[in-house]
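Structure first, then comments.
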Amino acid sequence: MSKPTLDRLPFEPKRRKAKPAKAAAPAPVATQASEPKQSSKVSRSQPKLEETRIPDAVSQRMLRRILAFSGVPTGLGVAVFFLSYWLVSREIIPLPTSAVVLASMGCFGLGVLGLTYGLLSASWDEQQDGSLLGWDEFRLNGGRMITAWRESRAARQQAKSDS
């Protein structure tokens, strides 16, 4: 099994080379009956939606993992409330309210972490399913995110120092 590189995502569009700047054309004379201007915000260098869209196989894989790694702890958090109510109302165990709140918050916190782990532990390669727990994929995709953050921060700092 070949190991993907951290350089780019499997479904990320290929970067296009920058075109050389054109010579400035003479400014057209403005008239009142001129055609409406088209938005200058539309850039030709931006990739199309189909190129940047996450493939269905990858998004379904992410959704399954999110449901497993986030849904189970969140369901346990809700179950803690009902179970503790049942135990206290039947006077089986006198539970302090703080214990119920802390146990529920712990489960809900694990559910939030499960969201992140579910996204990052899914294989982002369309043809590769990945492992059951996804630890290798988590490390690979986490490394990709950290690299992207560092590059983004360096680009912002470069832009600040240039201006």
Side-chain angles (χ1 to χ4, degrees), residues 1-16 39-43 45-163:
M1 179 184 326
S2 66
K3 200 167 195 176
T5 63
L6 295 177
D7 294 341
R8 78 177 192 89
L9 300 175
F11 51 86
E12 184 178 20
K14 295 178 182 174
R15 294 185 179 151
R16 298 179 182 163
S39 176
S40 62
K41 292 184 180 181
V42 176
S43 174
S45 65
Q46 288 185 358
K48 297 183 190 255
L49 180 62
E50 296 84 27
E51 293 175 351
T52 59
R53 188 176 68 85
I54 296 174
D56 288 335
V58 176
S59 63
Q60 291 299 318
R61 194 176 304 138
M62 287 177 177
L63 183 62
R64 283 193 306 270
R65 287 187 177 270
I66 287 172
L67 289 175
F69 289 114
S70 180
V72 171
T74 303
L76 286 174
V78 172
V80 165
F81 276 121
F82 290 116
L83 180 64
S84 64
Y85 173 76
W86 185 77
L87 290 172
V88 171
S89 67
R90 305 255 188 240
E91 296 181 359
I92 297 173
I93 299 175
L95 292 173
T97 308
S98 59
V100 174
V101 169
L102 288 175
S104 297
M105 283 177 51
C107 290
F108 291 138
L110 284 175
V112 170
L113 291 176
L115 284 172
T116 303
Y117 188 76
L119 282 175
L120 294 179
S121 68
S123 173
W124 290 356
D125 188 1
E126 203 171 354
Q127 284 77 30
Q128 188 178 17
D129 285 340
S131 63
L132 181 64
L133 293 178
W135 181 248
D136 292 333
E137 290 83 6
F138 177 77
R139 289 179 34 209
L140 175 68
N141 297 334
R144 287 174 175 159
M145 281 184 46
I146 291 170
T147 302
W149 284 335
R150 287 179 180 160
E151 288 174 358
S152 174
R153 187 175 355 143
R156 277 189 304 215
Q157 289 173 350
Q158 181 69 26
K160 275 185 180 179
S161 65
D162 289 345
S163 57

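Residue numbers run from 1 in the order of the sequence given.
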Distance from Leu119 atom CG to Met145 atom CE, nearest 0.5 Å? 9.0 Å

Would you compute the distance between atom CZ of Phe81 and atom OG of Ser84 and round it to the nearest 0.5 angstrom? 7.0 Å

Could you go through the side-chain contact (heavy atoms from CB on, under 4.5 Å) check for Tyr85 and Val100 one step at a time? CA-CA 9 Å; Tyr85 173 76; Val100 174; over 6 Å; no

Tyr117: partners by ring-ring contact (aromatic ring centres under 6.0 Å, His included), with sequence neighbours left out: Phe69, Phe138

For Leu132, I'd like to know if atom CG has over 12 heavy atoms of other residues, nucleotides or ligands within 6.0 Å. no

Under 3.5 Å donor-acceptor, Thr147 side chain and Gly143 backbone: yes

Residues two or more places apart in sequence or in another chain: which of them pass side-chain contact (heavy atoms from CB on, under 4.5 Å) with Thr74? Ser70, Phe108

Quick one: pull up OG in Ser123 and CG in Asn141 and give me the separation to the nearest 0.5 Å. 7.5 Å

For Gln157, side-chain hydrogen bond (donor to acceptor under 3.5 Å, both in side chains) partners two or more places apart: none

Could you pull out all residues at least two apart from Ser59 that satisfy side-chain hydrogen bond (donor to acceptor under 3.5 Å, both in side chains)? none

Hey, could you give me each pair passing salt bridge (Lys or Arg N to Asp or Glu O under 4.0 Å) that has a residue in residues 56-75? Not counting sequence neighbours. Arg53-Asp56, Arg61-Asp129

Partners of Val88 by side-chain contact (heavy atoms from CB on, under 4.5 Å), sequence neighbours excluded? Leu95

How close do Pro73 and Gly111 get, heavy atom to heavy atom, and via which atoms? CB-N, 3.6 Å

Give, for atom CH2 of Trp135 and atom CG of Leu120, the distance between the pair rounded to the nearest 0.5 Å. 10.5 Å

Determine whether a donor-acceptor pair (N or O, by modelled atom type, separation under 3.5 Å) exists between the side chain of Glu137 and the backbone of Ser131. yes

